[in-house]
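Side chains included, hydrogens not; waters and symmetry mates left out as well; all remaining heavy atoms used. Below, read A as the first sequence line, B as the second, and so on, with proteins coming before strands; counting in each chain starts at 1.
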Protein chains: 2
Amino acid sequence: MVTTDEVIDTRRRILDVAARLFREQGYAGVSLRAIAREADMKAGSFYYHFASKEDLVVDVLNEGIRAVRDSVERAMQSLGPDADGSTILRTAVHAHLTSLLRLSDYTSANVRVFGQAPEGVRVKALATRRGYETFWDDLLGLAQRRGGLRGDADLRVARLVIFGALNASLEWFRPDRGSIEQLADSYADLLWRGLRPEALKS
Amino acid sequence: MVTTDEVIDTRRRILDVAARLFREQGYAGVSLRAIAREADMKAGSFYYHFASKEDLVVDVLNEGIRAVRDSVERAMQSLGPDADGSTILRTAVHAHLTSLLRLSDYTSANVRVFGQAPEGVRVKALATRRGYETFWDDLLGLAQRRGGLRGDADLRVARLVIFGALNASLEWFRPDRGSIEQLADSYADLLWRGLRPEALKS
DNA sequence: TGACCATTCTAACTAACGTTAGGCTACTCT
DNA sequence: AGAGTAGCCTAACGTTAGTTAGAATGGTCA
């Protein structure tokens with residue numbers, strides 16, 4: 001057989017399986033033997049591809065952020081530079097939710113597992129997370145400077161609220177009980193208009 | 001000595017210790033021996049007070065919701081019936097955050113541990129959670145019917161966004177780097193006014 | 001004082017975990 | 001054809017987990 005990417009395929013298979021299991025059962029809930037079983041190998045063979053369980057989960061977490069960031073970046077690029085604030089917000093929210101809830105087990109594994117993982121893992125997966133946060137801060141900052149977002153809005157607070165709200169949807173969203181598009185629209189609409197009645201300005 | 005509440009005190013001590021440790025280290029990160037050590041007893045003695053670790057964590061989780069609900073209910077009652085929407089929102093947000101971030105290890109343990117706990121635990125702690133969600137739905141619904149909140153706002157979405165945003169603060173908030181009051185004000189303000197520029201109405 | 005009972009401790013069990021050493025297999029390349 | 005090695009497997013190690021049985025402790029009350 002071809003030897004070139006045989007190993008890489010196996011490694012990818014392990015990562016895919018691990019992402020799915022971590023997403024479903026959390027960090028401590030997934031044993032190495034379970035990962036090996038789902039990847040059609042024995043537990044010992046795992047160590048030919050990864051140095052430890054912690055190394056594996058670090059890779060899963062970082063790939064999760066890479067995927068969601070890629071998703072949002074592409075969506076932004078498809079917008080053109082003159083999109084208004086509402087469109088930017090809705091599109092970014094939609095892209096993030098799509099990666100989290102439909103496309104990537106890696107992204108959902110990150111959201112679910114990051115807070116459960118041992119400190120050493122979190123340290124090695126923090127920079128990527130921070131980078132994604134900065135990416136959103138830049139995104140919102142640019143839109144605000146162009147007048148697309150309320151000028152006196154605290155964008156750090158906005159990002160924290162947005163991240164908290166979007167990522168929490170992982171815990172309750174079921175694809176058969178609502179579409180991601182509708183969810184994204186609802187979330188973006190609330191974040192856009194707020195809860196204040198439109199008639200008055202108090 | 002008095003025998004009447006000696007046992008109850010010990011039981012409470014175990015619960016307090018467990019709530020703190022769960023809050024700090026998550027479900028799987030806390031061993032029964034660690035709980036026993038912090039509660040000044042040996043691991044075996046624990047089983048005189050609880051049937052299992054799962055039973056213990058169920059009690060911790062439910063107490064966490066009881067505490068935060070009590071906090072928000074009291075704050076609401078202190079408002080008087082003619083408070084406007086902005087005040088209601090800010091007060092409820094502040095009360096929730098206070099219980100989560102300052103007053104109760106039980107509440108923070110619930111937020112942190114619920115998603116990590118085994119299914120059996122989650123089932124037994126779900127009703128209390130649902131009850132608290134309904135309490136917020138009623139709270140927001142009443143305010144909306146009185147004209148205090150935007151009439152066409154989807155309140156289920158609002159509650160999901162609020163819960164997601166508030167509870168996520170547990171992961172990053174540090175008391176020495178900002179006050180809960182300021183945080184609550186910022187969150188409530190964003191949720192109230194949204195990100196749309198105030199000049200236009202698009 | 002002595003019986004009783006509530007509470008705690010000691011010591012162990014079983015199961016599961018991450019990890020490792022060393023052997024087997026089958027393909028590659030000379 | 002034979003040497004070398006990449007990839008996987010077998011079998012085990014040491015640790016830790018939740019849990020349990022039974023002994024010890026110490027206060028209460030007849």
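- Applying the ring-ring contact (aromatic ring centres under 6.0 Å, His included) test to every pair with at least one member in residues 54-105 of chain A, sequence neighbours left out, gives these pairs: A:His96-A:Tyr132, A:His96-A:Phe163.
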Would you tabulate the side-chain donor-acceptor contacts of residues 170-180 of chain A under 3.5 Å, counting partners in other chains and residues two or more places apart, or write 'none'?
from, atom 1, to, atom 2, distance (Å)
A:Ser179, OG, A:Gln182, N, 3.0

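- When all heavy atoms are compared, the tightest approach of B:Leu21 to B:Glu38 is CD1-CG, 4.0 Å.
- For A:Phe46, the ring pair (Phe, Tyr, Trp, His ring centres under 6.0 Å) partners at least two apart in sequence or on another chain are A:Phe50.
- The side-chain hydrogen bond (donor to acceptor under 3.5 Å, both in side chains) test applied to A:Asp70 returns A:Arg74, not counting sequence neighbours.
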Sub-3.5 Å pairs of nitrogen or oxygen atoms, protein against nucleotides 19-23 of chain D:
from, atom 1, to, atom 2, distance (Å)
D:dT19, OP2, B:Tyr47, OH, 2.8
D:dT19, OP2, B:Lys53, N, 2.9
D:dT19, O5', B:Tyr47, OH, 3.1
D:dT19, O4, B:Arg33, NH2, 3.4

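- Whole-Å rounding puts the A:Phe50 CZ to C:dG18 P distance at 15 Å.
- The side-chain hydrogen bond (donor to acceptor under 3.5 Å, both in side chains) check on B:Ser186 picks up nothing, with sequence neighbours excluded.
- Counting to the nearest Å, the P atom of C:dA6 and the NE2 atom of B:His49 are 13 Å from each other.
- Within the 4.0 Å cut-off from OP1 or OP2 of C:dT8, at least one side-chain nitrogen or oxygen of B:Thr10 is found.
- Scanning residues 12-28 of chain B for heavy-atom distances under 4.0 Å to DNA chain D yields an empty list.
- Taking 4.0 angstrom as the limit, B:Ser31 places a side-chain polar atom (N or O) nearer than this to OP1 or OP2 of D:dA17.
- Applying the ring pair (Phe, Tyr, Trp, His ring centres under 6.0 Å) test to B:Tyr106 and every residue at least two apart in sequence or in another chain returns nothing.
- One finds a salt bridge joining A:Glu73 and A:Arg69 here, because a Lys/Arg side-chain nitrogen approaches an Asp/Glu carboxylate oxygen to under 4.0 Å.
- Here D:dT10 presents its P atom at 18 Å from OH of A:Tyr48, a figure rounded to the nearest Å.
- Distance A:Ile35 CD1 to C:dC17 C1': 12 Å, rounded to the nearest Å.
- Qualifying side-chain contact (heavy atoms from CB on, under 4.5 Å) partners for B:Ala168, counting only residues two or more places apart in sequence or in other chains: none.
- Ranking D:dC8, C:dT8, C:dC9 by closeness to the B:Lys42 side chain, first place goes to C:dC9.
- Rounded to an integer number of Å, the gap from CE of A:Met41 to P of C:dC24 is 20 Å.
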